[in-house]
Amino acid sequence: MPLPTFRVELTENEQITPKVHKLVFKFVEPQHFTYIPGQFVSFILPHEGDKPLKRSYSIANLEQSPENTQYLEIVVAYVEGGKATEFFFNAKLGIEIDITGPFGLLYLPKELPKRVFLVGTGTGVAPYRCMLNQLKNYPDTEFHILFGAQYEEDMFYLDDFKHAAQQDNIFFHRCLSRQDPLPTDCDKGYVQNTLGNLQPNPETDLVYLCGNPNMVDDVFNLLKEKEFGVKQVKREKYVFSKY
Ligand SMILES: Cc1cc2nc3c(=O)[nH]c(=O)nc-3n(C[C@H](O)[C@H](O)[C@H](O)COP(=O)(O)OP(=O)(O)OC[C@H]3O[C@@H](n4cnc5c(N)ncnc54)[C@H](O)[C@@H]3O)c2cc1C
C-alpha cells in the first residue's frame with residue numbers, strides 16, 4: 001500500500017540557536033494531519049540524481065490536540081555538508097514539499113509507571129515538547145525531562161519546558177557539558193550523569209531516549225547495567241541516511 005503523502009507549504013523558517021532552525025509548515029493537500037505526540041515524519045526533498053532524498057524529523061508541535069492539525073513544526077540541527085541541512089537552512093517561505101508519515105513508536109502509552117524519564121540531546125527533545133500537553137493526563141506519574149547540550153546557547157523551547165515544570169509532577173533538568181561558568185539551574189556534564197543521580201530503577205521507571213545515536217547507545221548500556229530490559233527503554237535514534 002502506498003504511504004500516505006501530504007503536501008506542505010513552508011510558512012516560517014527561523015534560526016533559534018547558532019545551529020538549529022525551526023521550520024513551520026501548513027498542510028496544503030490534504031489540509032489536515034493526525035499524529036501521536038512523539039512520532040516523526042519523513043520529508044521527500046528535491047534532489048539531483050535518481051534516488052529520492054528522504055529525511056526524517058520529529059514532530060515538535062505544541063498543541064492541545066494532535067487530531068486534524070493544520071500545521072507541522074520541526075527543528076533541524078546543522079550538519080556540515082548535509083544535503084537536507086543545506087536545503088532547510090536556505091528554504092524560502094512559500095515552497096511546497098511532500099512528506100509521509102506519521103511514523104514511530106516513541107509515544108506515551110495509556111498506562112505509565114511511577115516515574116518516566118524523557119531524555120534527549122539537541123533536537124532530540126522535539127518529541128518531548130510535542131508530548132507536553134499530554135503529561136497532565138498522568139497525575140500519578142513523575143516526569144523528568146533531561147535536555148542535554150554543550151552550551152546554554154544551544155538550547156531552545158526552554159519556556160515551554162519550564163512552563164510545564166510548574167506542574168508538581170514534572171521536573172526539567174538542563175545538562176550542559178561545556179558551559180563555564182554553569183548557570184545555577186543547570187547540571188554540569190552529560191545527560192548520563194543527571195540520569196545516574198536520579199537513580200533509575202527498572203521496578204518503577206520507564207526511560208525514553210531520543211537523538212544522537214551515540215548518546216542513545218551510551219545511556220541504554222548504562223541502563224542495562226542497572227537491569228533495565230528493552231521494554232523499559234524506548235529509543236529513537238537520529239541515524240543518518242545512506243543517500
Ligand atoms: C526517526 C528520525 C528522526 C529524526 N529527527 C530529527 C529531528 O527532529 N531534527 C534533526 O535535526 N534531525 C533529525 N533526524 C536526522 C535527520 O533525518 C538527518 O539525518 C539530518 O538532518 C542530517 O541530514 P543531512 O541531509 O543534512 O545530512 P547528510 O547529507 O545525510 O549527511 C552529510 C554528512 O554528515 C554525516 N552526518 C549526518 N548527520 C550527522 C549528525 N547528526 N552528526 C554528525 N554527522 C552527521 C553523514 O554521515 C554524512 O557524512 C532524524 C532522524 C531519524 C532517523
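For ligands, and for the atoms within them, numbers begin at 1 and follow the listed sequence.
Ring geometry for Phe172 versus Phe147: interplanar angle of 30 to 60°, hence tilted. Using cut-offs of 30° and 60° on the angle between ring planes, the pair Phe27 and Phe33 is parallel. Below 30°, between 30° and 60°, or above 60°: for His21 and Phe89 the angle between ring planes is below 30°, a parallel geometry.
Glu203 and Asn201 share no donor-acceptor pair across their side chains, judged by distance under 3.5 Å alone. Between the side chains of Tyr71 and Thr11, no donor-acceptor pair of N or O atoms lies under 3.5 Å.
The only member of Asp187, Asp154, Asp185 that meets salt bridge (charged side-chain N to carboxylate O under 4.0 Å, His left out) when paired with Arg174 is Asp185. Results of the ring pair (Phe, Tyr, Trp, His ring centres under 6.0 Å) test with Tyr57 over Phe87, Phe88, Tyr238 single out Phe88 as the only residue that passes.
Under a 4.0 Å heavy-atom criterion, Ile74 is not in contact with ligand 1.
At a 4.0 Å heavy-atom cut-off, ligand 1 touches Val79 through the side chain alone. At a heavy-atom cutoff of 4.0 Å, ligand 1 is contacted by no atom of Val20, backbone or side chain. Contacts with ligand 1 closer than 4.0 Å are made by heavy atoms of both the backbone and the side chain of Ser56.
A salt bridge between Glu142 and Lys114 is absent, with no side-chain N of the basic residue lying under 4.0 Å from a carboxylate O of the acidic one.
The heavy atom nearest to atom 25 (O) of ligand 1, considering only Arg55, Glu236, Lys237, Lys54, is found in Arg55. Which of Tyr57, Phe240, Phe88 comes nearest to atom 18 (C) of ligand 1 through a heavy atom is settled by distance: it is Tyr57. Considering only non-hydrogen atoms, atom 4 (C) of ligand 1 lies nearest to Tyr238 out of Tyr238, Phe89, Phe103.
Of the protein's heavy atoms, none falls inside 4.0 Å of atom 49 (O) of ligand 1.
In terms of protein heavy-atom proximity, atom 9 (N) of ligand 1 is nearest to Val75 O, 2.8 Å. When hydrogens are left out, the protein atom nearest atom 11 (O) of ligand 1 is Ala77 N, 2.8 Å; that is the closest non-hydrogen contact. Of the protein's non-hydrogen atoms, the one nearest atom 26 (O) of ligand 1 is Thr85 OG1, 2.6 Å. At the top of the distance list for atom 8 (O) of ligand 1, counting protein heavy atoms only, stands Ser58 N, 3.0 Å. Closest protein heavy atom to atom 29 (O) of ligand 1: Lys83 N, 3.0 Å. At the top of the distance list for atom 10 (C) of ligand 1, counting protein heavy atoms only, stands Thr123 OG1, 3.4 Å. Atom 27 (O) of ligand 1 has its closest protein heavy atom at Gly82 CA, 3.3 Å.
For ligand 1, the atoms sitting less than 4.0 Å from at least one non-hydrogen atom of Val76 are 11 (O), numbered in the order shown with element in parentheses. Ligand 1 places these atoms under 4.0 Å from at least one heavy atom of Phe40: 1 (C). Those atoms of ligand 1 that come under 4.0 Å of a heavy atom in Ala84, given as number and element, are 24 (P), 25 (O), 26 (O).
Geometrically, Lys234 engages Tyr107 in a cation-pi contact defined by less than 6.0 Å to the ring centre and at most 45° from the axis. Figure legend: cation-pi geometry between Arg55 and Phe43 absent, as NZ or CZ is not positioned both under 6.0 Å from the six-membered ring centre and within 45° of its axis.
Counting heavy atoms from C-beta outward, Leu118 and Val125 have side chains that stay 4.5 Å or more apart.
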